[in-house]
Amino acid sequence: MSPMGYTVTRMFFGTVIFWIIGFFIKKDRFIEKKDLVTIAIGGLMGFIGTQFLFSQALEYTTPVIFSLLMALIPVVVLILSAIFLKELVSIRKVLGILISITGAAIVILFNNAQGSSGGSHLLGVLFSVLCVLCYGGYMVITRKISMKYHPLTIAKWMFLVSAVAAIPFSFGSLRDQPIYSDQADLTAYGLLAFALLFSTIIAFFLMPFALKRLEASMVSVFMNLQPIIASMIAILVGQDQFTWDKPLATLMVVFGVYMVTTNSSRHWQNKILA
């Protein structure tokens, strides 16, 4: 699939699924107009922008470089949260983010990059940086509405805005996708189904839950677990080998998350229980 074809497919699928669920689960019948604007901007940045730039970046650069740049999301979120949400930036939180980023960088840099597609071109790096900025901005601007509305409400409206915005690109991008022809096999359909179910529906449904209970900067730190999890799965399926850098990186990422979360754990624990 092309980057645009993949993005459009995810937006249309997410819209249909979340609005079908919304017919059975009635939540937040009234949404303020100013919040609809925030939801629209969040959908365009977090859904269309991030997913398209993610797919486009891998056309020009390696997954290793892309993952390393994506590890900068906590830094972007921390800066944006301090500027726009007035969140307190303590020295402990900064150190925790730096340690977790270092751990993610270790497993990425030492991971075997053989078989990855694309080259390390400046265009790919540019798309990766824009992807980081889009996702970081999405997490920051949707923080307040995530505390105000049900996650299903946010998800269905964001996907609807994204799907409408994707309509002009859908005619050509979907028609020419090999996966929608007899060229595709069961493996291709299985991989697409996995991306639609887990990476699209479940991931974007759970994000508002996290933003409702935790600071945006704290949520972003957990995203640095992604290269660790990916590395572990690669070992289990035989696509990678166990090396010393992986347990070291895991300890650093977990310790970095611990430093960020423990200084306000009692406050957030009470909020979650409430």
Side-chain angles (χ1 to χ4, degrees), residues 1 3 5-22 25 27 38-58 63 66-67 69-74 76-77 100 104 128 130-143 145-147 149-163 165-166 189-234 253 257 272:
M1 303 184 72
Y6 177 65
T7 302
V8 170
T9 299
R10 294 182 67 179
M11 297 307 103
F12 287 169
F13 181 82
T15 302
V16 171
I17 296 299
F18 280 121
W19 277 89
I20 289 177
I21 297 175
I25 303 177
K27 296 290 182 179
T38 302
I39 289 175
I41 297 175
L44 293 177
M45 291 182 63
F47 294 5
I48 288 289
T50 300
Q51 297 309 313
F52 173 72
L53 291 169
F54 154 73
S55 303
Q56 194 70 53
L58 294 180
F66 177 79
S67 300
L69 292 173
M70 288 299 290
L72 296 175
I73 287 180
V76 174
V77 171
S100 65
S128 301
L130 291 176
C131 183
V132 171
L133 293 175
C134 275
Y135 202 83
Y138 154 73
M139 295 182 67
V140 171
I141 67 175
T142 58
R143 162 90 166 117
I145 61 172
S146 296
M147 300 175 64
Y149 300 105
H150 191 273
L152 177 61
T153 302
I154 298 174
K156 72 177 187 179
W157 281 104
M158 282 190 176
F159 268 100
L160 179 61
V161 170
S162 301
Y189 292 130
L191 293 173
L192 179 59
F194 180 89
L196 293 177
L197 177 60
F198 292 96
S199 302
T200 304
I201 301 300
I202 296 180
F204 282 107
F205 181 72
L206 292 179
M207 182 59 73
F209 274 108
L211 291 173
K212 190 172 185 177
R213 291 164 173 80
L214 300 173
E215 296 175 356
S217 57
M218 189 182 301
V219 173
S220 67
V221 171
F222 285 91
M223 296 184 65
N224 278 345
L225 292 171
Q226 291 183 92
I228 307 298
I229 296 174
S231 180
M232 294 173 59
I233 295 176
V253 172
V257 172
I272 292 174

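The structure presented is a predicted model; accordingly, all values stated were derived computationally and were not measured. Residue numbers start at 1 and run along the sequence shown.
- For Phe18, the ring pair (Phe, Tyr, Trp, His ring centres under 6.0 Å) partners two or more places apart in sequence, or in a different chain, are Phe159.
- For Thr50, there are no side chain to side chain donor-acceptor pair (under 3.5 Å) partners, not counting sequence neighbours.
- Taken from OG1 in Thr38 to CZ in Arg143, the straight-line distance is 14.5 Å, to the nearest 0.5 Å.
- Applying the side chain to side chain donor-acceptor pair (under 3.5 Å) criterion to Ser146, with sequence neighbours excluded, gives no partner residue.
- Under the side-chain contact (heavy atoms from CB on, under 4.5 Å) criterion, Pro3 pairs with Phe52, Ser55, Gln56, Glu59, not counting sequence neighbours.
- By the side-chain contact (heavy atoms from CB on, under 4.5 Å) test, Tyr189 pairs with Ile179, Ala184, sequence neighbours left out.
- In this structure, the separation between CZ on Phe47 and OH on Tyr135 is 8.5 Å, given to the nearest 0.5 Å.
- When the ring pair (Phe, Tyr, Trp, His ring centres under 6.0 Å) test is applied to Phe54, the partners found at least two apart in sequence or on another chain are Phe66.
- Taking Leu191 as the reference, Thr187 meet the side-chain contact (heavy atoms from CB on, under 4.5 Å) condition, with sequence neighbours excluded.
- Residues passing the ring pair (Phe, Tyr, Trp, His ring centres under 6.0 Å) test with Phe205, sequence neighbours excluded: Phe209.
- Between the OG atom of Ser162 and the CZ atom of Phe12 there is a distance of 10.5 Å, given to the nearest 0.5 Å.
- In terms of the side chain to side chain donor-acceptor pair (under 3.5 Å) criterion, residue partners of Thr153 (sequence neighbours excluded) are, by chain and number, Asp28.
- Of all non-hydrogen atoms in Thr15 and Leu160, the two that sit nearest each other are OG1-N, 3.7 Å.
- Residues Ile145 and Ile154 share a closest heavy-atom pair of O-CD1, 3.4 Å.
- Here the straight-line distance linking atom OG1 of Thr142 with atom CE of Met45 works out to 9.5 Å at 0.5 Å rounding.
- Judged purely by atom type and a 3.5 angstrom limit, Thr7 has no side-chain atom pairing as donor or acceptor with the backbone of Ile48.
- Partners of Ile17 by side-chain contact (heavy atoms from CB on, under 4.5 Å), not counting sequence neighbours, listed by chain and number: Phe13, Ile21, Ile201.
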